[in-house]
Amino acid sequence: MKIASWNVNSLNVRLPHVQRWCEEHRPDVLSLQETKLADEKFPHEALRELGFECAFSGQKSYNGVAILAREPMRDLVKDVDGLDDPARRILAATVGEGATALRIINLYVVNGQSVGSDKYAHKLKWLTHVREFLRGQLVIHPNLAVMGDFNIAPEDRDVHDPEAWRELVLCSTPEREALDGIVELGFSDSFRLFSEESGHYSWWDYRQGAFRRNMGLRIDLILVSAALRTRLKSASIDRTPRTWERPSDHVPVMIDIS
DNA sequence: ATGGTGGGTTACCCA
């Protein structure tokens, strides 16, 4: 069973990429971030033709998350206790039935703009509330995967130039501690169970030829619960869509579970 | 040196 996550930076623009990638990789579940579409504009017909059920929580212009799945989804959650946030950044859904049912939580974490800004403070507060939500979800749903654009590079080995990024937004110590606090609830960063080395990134700035020079960050993650970890067969990042015409600045990350 | 690119909308926008 393949589960993937991709910040598409406008599903309207990137729908052909999603179609192409899904035809090539056949994911069973795909979480999308930054769809930037109001729900009434969501392209569910095109995605149904690809074989997916769709759950989505969108808004015009900014943010927006969706989960595509081969099987019907239930128990959707779009808001979290304590977060009075109109931005559509969270979508939880249960895929499948019985013992193999899987809880998917799709996050588009607040970017935070710059260390010390109001948006940065909001990011840290947002992560605190999301952590409490995840703590509760983990109790109810042992087979849990939390994925998305975390807008945090977990460690220096996830950063192309750690010294240049030292204590900047996406890499600062308080952000990493907030992420650690989530992981310590009982998750594993799936990618790091299979690959230890640096140089593997999921996002490259559009500017200054950053992708060509591999000046990236690994900020798109799939966290798996302990129960799911025992079923994990692989975890990877697919750089190829970044080479396609008019790409997202992020690429898909994925796991394979038994 | 505050650039540069690419979404979105037509903005003191967001990444």
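All chains are named by letter (A, B, ...) in the order of the sequence lines, taking the proteins before the strands, and each is independently numbered beginning at 1. Since this is a predicted model, take the numbers as computed values, not measurements.
In this structure, H250(A) atom NE2 and dG6(B) atom P are separated by 15 Å, rounded to whole Å. Going from atom CD of E34(A) over to atom C1' of dA15(B) covers 6 Å, rounded to whole Å. Look at CG on L32(A): it is 16 Å from C1' on dG7(B), rounded to the nearest Å. Here the P atom of nucleotide dC14(B) and the CZ atom of R88(A) are 18 Å apart, to the nearest Å. Taking atom CZ of F211(A) as the reference point, atom C1' of dG6(B) lies 16 Å away to the nearest angstrom. We find that CG of L37(A) is positioned 12 Å from C1' of dG7(B), with the value rounded to whole Å. Between the P atom of dG4(B) and the CZ atom of R212(A) lies a distance of 17 Å, rounded to the nearest Å. Whole-Å rounding puts the Q113(A) CD to dC13(B) P distance at 10 Å.
Sorted by first and then second residue, the pairs that involve residues 195-213 of chain A and meet salt bridge (Lys or Arg N to Asp or Glu O under 4.0 Å), not counting sequence neighbours, are R157(A)-E196(A), D205(A)-R207(A). Sorted by first then second residue, the salt bridge (Lys or Arg N to Asp or Glu O under 4.0 Å) pairs that include residues 48-64 of chain A, not counting sequence neighbours, are E45(A)-R48(A).
Nucleotides dT2(B) and dC12(B), compared at atom P, are 22 Å apart to the nearest Å. For the C1' atoms, the distance linking dG8(B) with dA15(B) amounts to 10 Å, nearest Å.
Under the 30°/60° scheme for interplanar angles, the aromatic rings of F56(A) and H44(A) are found to lie parallel.
By the criterion of side-chain heavy atoms lying less than 4.5 angstrom apart, applied directly or through intervening Ile, Leu, Val, Met, Phe, Trp or Tyr residues, V77(A) is grouped together with I105(A) in one hydrophobic cluster.
For K119(A), the side-chain atoms get nearest to dC14(B) when compared with the rest of dC14(B), dT5(B), dG8(B). The N111(A) side chain lies nearest to dA15(B) when the options are dA15(B), dG7(B), dG8(B). Taking the side chain of N12(A) as heavy atoms from C-beta on, and the options dC14(B), dT5(B), dG8(B), the nearest nucleotide is dG8(B). Listed nucleotides dG4(B), dA15(B), dG7(B) differ in distance to Q208(A); the shortest reach to its side chain belongs to dG4(B). Set against dG7(B), dG8(B), dA15(B), the side chain of S61(A) has dG8(B) as its closest nucleotide. When distances run from any side-chain atom of S10(A) to the nucleotides dG8(B), dA15(B), dG6(B), the shortest one goes to dG8(B).
Within a heavy-atom distance below 4.0 Å of DNA chain B, no residue of residues 153-163 of chain A is found.
Nearest-nucleotide mapping onto DNA chain B: of R246(A) and N63(A), the residue sitting toward the 5' end is R246(A).
Side-chain contact of D238(A) with W21(A): a donor-acceptor pair under 3.5 Å is present, judged by distance alone.
Residues passing the salt bridge (Lys or Arg N to Asp or Glu O under 4.0 Å) test with R131(A): none are found, sequence neighbours excluded. Residues passing the side-chain hydrogen bond (donor to acceptor under 3.5 Å, both in side chains) test with S225(A): none are found, sequence neighbours excluded.
By the 4.5 Å heavy-atom criterion applied to side chains, F191(A) and S202(A) are not counted as neighbours. Inter-residue side-chain proximity for S61(A) and K36(A) is flagged as unmet; no heavy-atom pair is nearer than 4.5 Å.
With respect to D156(A) and R176(A), a salt bridge is recorded, a charged nitrogen being found less than 4.0 Å from a carboxylate O.
Contact check, R207(A) against dA15(B): no side-chain N or O comes under 4.0 Å of OP1 or OP2.
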Determine which bases of DNA chain B form Watson-Crick or G-U wobble pairs with both distances under 3.5 Å, and write the result as a 5' to 3' dot-bracket string with | for other-strand partners.
....(((.....)))

